[in-house]
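Below is one structure, written out as structure tokens; comments come after it.
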Amino acid sequence: MKLLILDRDGVINQDSDAYIKSLDEWIPIPGSIEAIAQLSKAGWTVAVATNQSGIARGYYPLATLDAMHARLRALVAEQGGEVGLIIHCPHGPDDGCDCRKPKPGMLRTIAAHYQADLAGVWFVGDSKGDLEAALAVDAQPILVKTGKGEKTLSKGIPENTLIFDDLAAIARELIHK
Ligand SMILES: O=P(O)(O)OC[C@@H](O)[C@H]1O[C@@H](OP(=O)(O)O)[C@@H](O)[C@@H](O)[C@@H]1O
Ligand SMILES: [Mg+2]
Ligand SMILES: [Zn+2]
């Protein structure tokens with residue numbers, strides 16, 4: 001199957017060092033909704049793996065996170081596409097969970113859901129932890145320059161990482177490949 005896994009903040013929507021704490025703060029990056037819809041209509045299954053330590057930190061309730069993801073699904077559906085499984089890690093950095101990136105737990109959950117092999121699957125992120133999670137399961141690390149991507153790039157990234165300006169550029173590459 002054609003499976004693409006996305007990080008959320010900084011890839012699909014704008015990120016903030018103050019966390020994305022409300023539906024109003026959840027603002028799609030230009031071209032990202034269209035990119036997901038186009039990929040979906042081209043036969044790609046687009047899943048999401050997102051760290052949401054803001055839950056553990058008490059910045060926002062699960063209901064707010066669910067509202068953001070309902071908005072994402074609705075916007076993509078308006079363009080005739082659909083979003084696949086969305087997995088989030090609600091834990092904090094000190095909780096010792098198996099799902100918080102750079103651990104690959106969420107990627108493994110997505111693979112199990114679709115009974116797919118993760119080898120070579122593109123995982124698109126803006127942070128080093130995203131790239132490390134991909135490498136941990138032999139997926140292909142993909143960095144976008146949106147969100148924290150430029151800052152991540154400036155600090156050094158794994159050598160076999162592929163770099164794109166944004167999710168729209170990734171869609172153009174995958175759909176016309
Ligand atoms: O990029 P994804 O995984 O979708 O989500 C990242 C967010 O959960 C937040 O992750 C936090 O990192 P810490 O969780 O505090 O280390 C910070 O980087 C915030 O700026 C960011 O909004
Ligand atoms: Mg991110
Ligand atoms: Zn977790």
Side-chain angles (χ1 to χ4, degrees), residues 4-33 35-36 46-73 75-76 83-113 121-137 139-158 161-170:
L4 177 68
I5 308 175
L6 308 179
D7 168 51
R8 194 195 81 179
D9 296 336
V11 175
I12 298 173
N13 57 277
Q14 293 175 9
D15 197 1
S16 164
D17 289 342
Y19 298 75
I20 304 302
K21 304 180 292 300
S22 68
L23 187 54
D24 286 346
E25 290 179 7
W26 189 87
I27 301 167
I29 288 168
S32 286
I33 298 297
I36 295 170
V46 182
V48 179
T50 178
N51 283 354
Q52 291 299 322
S53 69
I55 299 252
R57 299 172 193 277
Y59 294 164
Y60 45 89
L62 181 59
T64 297
L65 194 69
D66 289 344
M68 293 175 193
H69 297 164
R71 171 72 56 82
L72 168 60
R73 293 187 186 281
L75 290 173
V76 171
V83 182
L85 186 62
I86 301 174
I87 299 282
H88 73 271
C89 163
H91 307 110
D94 304 327
D95 290 343
C97 72
D98 290 329
C99 44
R100 177 180 162 85
K101 297 172 290 183
K103 289 184 181 175
M106 290 190 282
L107 302 183
R108 290 200 172 106
T109 299
I110 290 168
H113 177 81
V121 169
W122 284 23
F123 178 46
V124 182
D126 67 321
S127 298
K128 190 166 183 189
D130 300 321
L131 308 178
E132 291 169 338
L135 290 171
V137 287
Q140 173 59 56
I142 307 288
L143 181 73
V144 283
K145 294 181 180 177
T146 50
K148 296 182 170 71
E150 291 279 12
K151 187 174 168 188
T152 300
L153 186 56
S154 70
K155 292 182 181 173
I157 59 174
T161 303
L162 299 179
I163 304 168
F164 291 85
D165 285 341
D166 54 21
L167 186 52
I170 289 171

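Counting starts at 1 for both ligands and their atoms, following the listed order.
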Requested in this report: For the pair His69 and His88, name the ring-plane relationship: parallel under 30°, tilted 30 to 60°, perpendicular over 60°.
Outcome: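 Rings of His69 and His88: tilted, as their planes differ by 30° to 60°.
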
Return the residue, atom name and 0.1 Å-rounded distance of the protein heavy atom closest to [atom].
| atom | result |
| --- | --- |
| atom 19 (C) of ligand 1 | Ser16 O, 3.6 Å |
| atom 2 (P) of ligand 1 | Asp7 OD1, 2.8 Å |
| atom 11 (C) of ligand 1 | Tyr19 CE2, 3.6 Å |
| atom 22 (O) of ligand 1 | Asp15 OD1, 2.6 Å |
| atom 14 (O) of ligand 1 | Ser53 OG, 2.7 Å |
| atom 4 (O) of ligand 1 | Thr50 OG1, 2.6 Å |

Query raised in the report: Taking atom 8 (O) of ligand 1 as the point of reference, which of Asp9, Val11, Asn51 owns the nearest heavy atom?
Result: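 Among Asp9, Val11, Asn51, the closest heavy atom to atom 8 (O) of ligand 1 belongs to Asn51.
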
Query raised in the report: Considering only heavy atoms, which of Lys148, Arg100, Lys21 lies nearest to atom 16 (O) of ligand 1?
Result: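 Of the listed residues, Arg100 has the closest heavy atom.
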
Query raised in the report: Can you tell if the side chain of Leu72 reaches within under 4.5 Å of the side chain of Ile86, non-hydrogen atoms only?
Result: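 The answer is yes, as the side chains (C-beta and beyond) meet within the 4.5 Å cut-off.
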
Query raised in the report: Looking at side-chain heavy atoms only, is the closest gap between Met106 and Val48 below 4.5 Å?
Result: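 Not in contact.
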
Query - Lys/Arg N to Asp/Glu carboxylate O, Asp98 vs Arg108, below 4.0 Å - result: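 So Asp98 does not pair with Arg108 through a salt bridge.
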
Query raised in the report: Is Asp130 in polar range of ligand 1, meaning some N or O pair under 3.5 Å apart?
Result: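 No, no N or O pair falls under 3.5 Å.
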
Query raised in the report: If you take all heavy atoms of Pro93 and Ser53, which pair is closest and at what distance?
Result: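 Minimum heavy-atom separation between Pro93 and Ser53: CD-CB, 4.5 Å.
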
Query raised in the report: Under the criterion salt bridge (Lys or Arg N to Asp or Glu O under 4.0 Å), which of Arg8, Lys151, Lys148 is the partner of Asp15?
Result: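 Among Arg8, Lys151, Lys148, the one that satisfies the salt bridge (Lys or Arg N to Asp or Glu O under 4.0 Å) with Asp15 is Lys148.
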
Query raised in the report: So what does the Cys89 SG - the Zn ion (ligand 3) - His91 ND1 angle come to, to 10°?
Result: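 It is 110°, given to the nearest 10°.
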
Query raised in the report: Between SG of Cys99 and SG of Cys97, what angle is found at the Zn ion (ligand 3), rounded to 10 degrees?
Result: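 Taking the Zn ion (ligand 3) as the apex, I get 110° for this pair.
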
Query raised in the report: Under the side-chain hydrogen bond (donor to acceptor under 3.5 Å, both in side chains) criterion, do Glu25 and Asn13 qualify, and how do the steps go?
Result: CA-CA 9 Å; Glu25 290 179 7; Asn13 57 277; over 6 Å; no

Query - Aromatic ring proximity, centroids under 6.0 angstrom, Trp122 and Phe164 - result: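 When the ring centroids of Phe164 and Trp122 are compared, they turn out to be within the sub-6.0 Å range.
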
Query raised in the report: Where the Mg ion (ligand 2) is the centre, what is the OD1-to-O angle for Asp126 and Asp9, rounded to 10°?
Result: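 It comes to 100°.
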
Query raised in the report: Should you measure from each heavy atom of Arg8, which atoms of ligand 1 turn up under 4.0 Å away?
Result: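 Once the distances to Arg8 are compared, the set is 4 (O).
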
Query raised in the report: What atoms of ligand 1 come within less than 4.0 Å of a heavy atom belonging to Arg57?
Result: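 Taking each heavy atom of Arg57 in turn, ligand 1 has 13 (P), 15 (O) under 4.0 Å.
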
Query - Arg71 CZ: over 12 foreign heavy atoms closer than 6.0 Å - result: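 No, CZ of Arg71 has 12 or fewer neighbouring heavy atoms, counting only those of other groups under 6.0 Å.
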
Query raised in the report: Which distance, rounded to the nearest 0.5 Å, do you find between the CG of Leu85 and the CD1 of Ile5?
Result: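 Leu85 atom CG to Ile5 atom CD1 measures 9.5 Å (nearest 0.5 Å).
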
Query - Distance in Å, Leu143 CG paired with Leu162 CG, rounded so as to fall on 0.5 Å steps - result: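 One gets 10.0 Å once the value is rounded to the nearest 0.5 Å.
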
Query raised in the report: Quick one: does Lys101 get a heavy atom under 4.0 Å from ligand 1?
Result: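 It does; at least one heavy atom falls under 4.0 Å.
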
**Report entry** Name, closest N/O/S atom of Asp7 to the Mg ion (ligand 2)
**Finding:**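 Within Asp7, restricted to N, O or S, the Mg ion (ligand 2) is closest to atom OD2.
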
Report task. Quick one: look at Ala49 and ligand 1, take heavy-atom pairs under 4.0 Å, and tell me if it's side chain, backbone, both or neither. Result ->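 Under 4.0 Å from ligand 1, Ala49 contributes no heavy atoms.
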
